Amino acid sequence: MSTEHGFDTLQIHAGTAPDPATGARQVPIYQTTSYVFKDADHAARLFNLEEVGFIYSRLTNPTVQALAARIAALEGGAGAVCCSSGHAAQIMALFPLMGPGLNIVASTRLYGGTITQFSQTIKRFGWSCTFVDFDDLAALEAAVDDNTRAIFCESIANPGGSITDLPAVAAVAQKVGLPLIVDNTLASPYLCRPIEHGATLVVHSATKYLTGNGTVTGGVIADSGKFDWSASGKFPSLSEPEPAYHGLCFHKALGPMAFTFHSIAVGLRDLGMTMNPQGAHYTLMGIETLSLRMARHVENARAVAEWLDADPRVASVSWAGLPASPWHDRVARICPKGAGALFTVALKGGYEACVKVVENLKVFSHVANLGDTRSLVIHSASTTHRQLTPEQQAAAGAGPEVLRLSIGLEDAGDLIADLDQALTAASA
Ligand SMILES: *Cc1c(COP(=O)(O)O)cnc(C)c1O
């Protein structure tokens, strides 16, 4: 499928063709672990990456491969790798770049689980992370040192829905010669295409909008194929002979596909964070309607955010689509089709009111997920951002006085009526 086609065509056709064996029009679920080799020589060529083919489903599987190719097309990347969750995608994205004693610089405005992964868990690998406010470009550049190997942010950030100035951040990354990794989960490639703004790698929690209905846990990394892994000597796993793959020089041998092949041949092979074919199938089904869903998510988010913003019981609404948002001027430039559908609402009644609203909502579900057809609500400070210090919570936009809303695809009027009755119950 040519990438000349429009987004709506690519989201249905990219990466797939009628099944060569049966003519099946929909992508079959290849529920198999292994693939019969034609002969010993064929097997050897596959293991040497001299011929691309299927060996074992921890590495590649035709259903999972179809999803990877579709996301690469939608993100405008050279290649993509699927993995078992969004968090797996983050570790897999960093894995070829990092080593003991090395660090990354990440935004303070991130999903709470990512802040915990980066501030605590990666230390076990000898990696570390410095967090800075990415609206302060001088601070971002100053945080980079000789041991920094990547810059990490979210395009639209969880939970506040703030928008990162990707071209400005990418310019800093380019200046210091480091790859920019953008978590595009909240935007999806329909609202934002980070590679067009200078991102090197795009990571996703496919659990969210890509699948779109709360059925799958999955992750993806799309690679722009544009970063020169050999220029600085800082990325030996990609530029030098890789001892974990019989001395193959991935960048020299595979050019723009170096990162993708390394992630499969070494990352998935040895870390085993593999997506299963059934999960890939559900995500492929979800992506077929991505543009239609995202447009409606944004339309409903606008209706709900505007209503809340005008309500006297509400202190503030963080949705970047509102003209008063400090990130409003970035919407047209970075997310031209809309500011997404995840934001926080601060209640004048503070923590107590937040708890009562959550308990009284009927259409909204109280869950730790987002990007579902259903509207969802959570009190971030006591859940998704619970492991954070009060300072980290405030910097991430997840203070105790805010609720996070993920606006679904129901009738906007029903969502507003539900919020209205819950706010009334909370103030009674
Ligand atoms: C949910 C989420 C993740 C983690 O993804 P999982 O699939 O839950 O592992 C990472 N980043 C963002 C922005 C998320 O919303």
Side-chain angles (χ1 to χ4, degrees), residues 64 67 71 75 80-95 104 106-122 129 131 134 150 152-164 166 181-189 191-192 194 199 201-222 271-276 279-280 282-283 286-287 294 297 301 318 320 335 339-344 367-372 376-378 380 383-388 392 396-398 404-408:
V64 178
L67 174 61
I71 292 172
E75 288 287 2
V81 188
C82 297
C83 40
S84 52
S85 69
H87 265 10
Q90 293 169 187
I91 294 295
M92 289 271 301
L94 294 175
F95 176 65
I104 61 171
S107 169
T108 47
R109 279 185 284 273
L110 296 177
Y111 169 59
T114 304
I115 296 179
T116 306
Q117 188 186 54
F118 288 174
S119 62
Q120 305 296 334
T121 304
I122 63 171
C129 177
F131 293 94
F134 273 36
F152 188 101
C153 63
E154 294 176 4
S155 48
I156 302 179
N158 185 346
S162 60
I163 296 175
T164 306
L166 294 179
I181 306 175
V182 177
D183 181 338
N184 200 31
T185 299
L186 263 55
S188 88
L191 299 181
C192 177
L201 302 175
V202 179
V203 294
H204 276 282
S205 167
T207 315
K208 316 290 171 53
Y209 292 103
L210 291 178
T211 307
N213 47 34
T215 50
V216 164
T217 303
V220 190
I221 312 158
L271 300 177
M273 299 170 169
T274 306
M275 180 182 277
N276 67 78
Y282 285 130
T283 304
I287 290 178
M294 292 313 293
H297 277 296
S318 71
C335 305
L342 188 95
F343 57 85
T344 55
V367 301
N369 190 25
L370 62 94
D372 196 323
L376 312 174
V377 62
I378 199 159
S380 297
T383 55
T384 57
H385 289 66
R386 185 184 184 85
Q387 304 304 327
L388 277 54
Q392 284 177 315
R404 185 186 80 178
L405 302 182
S406 172
I407 303 301

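Atoms within a ligand are numbered from 1 in the order they appear, just like the ligands themselves. Keep in mind that what you see is a predicted model, and the values were worked out from it rather than measured.
C83 and A88 get closest at one heavy-atom pair: SG-C, 4.0 Å. Scanning all heavy atoms of the two residues, the minimum distance from C129 to F118 falls at CB-O, 3.4 Å.
Not counting sequence neighbours, the partners of S107 by the side-chain contact (heavy atoms from CB on, under 4.5 Å) test are R109, L110, F134, C153.
Between atom CE of residue M294 and atom OH of residue Y209 there is a gap of 5.5 Å, rounded to the nearest 0.5 Å.
Looking at L186 and C192, their side chains never come closer than 4.5 Å, going by heavy atoms from C-beta outward.
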Enumerate, one pair per line, all nitrogen or oxygen atoms of ligand 1 lying under 3.5 Å from a protein nitrogen or oxygen, stating the separation to 0.1 Å; write 'none' if no such pair exists.
from     : atom 1 : to   : atom 2 : distance (Å)
ligand 1 : 5 (O)  : S205 : OG     : 3.0
ligand 1 : 7 (O)  : G86  : N      : 2.8
ligand 1 : 7 (O)  : S205 : OG     : 2.8
ligand 1 : 7 (O)  : T207 : OG1    : 2.6
ligand 1 : 9 (O)  : G86  : N      : 3.0
ligand 1 : 9 (O)  : H87  : N      : 2.9
ligand 1 : 11 (N) : D183 : OD2    : 2.6
ligand 1 : 15 (O) : N158 : ND2    : 3.2
ligand 1 : 15 (O) : K208 : NZ     : 2.8

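If you check the side chains of T211 and T283, you find a donor sitting under 3.5 Å from an acceptor.
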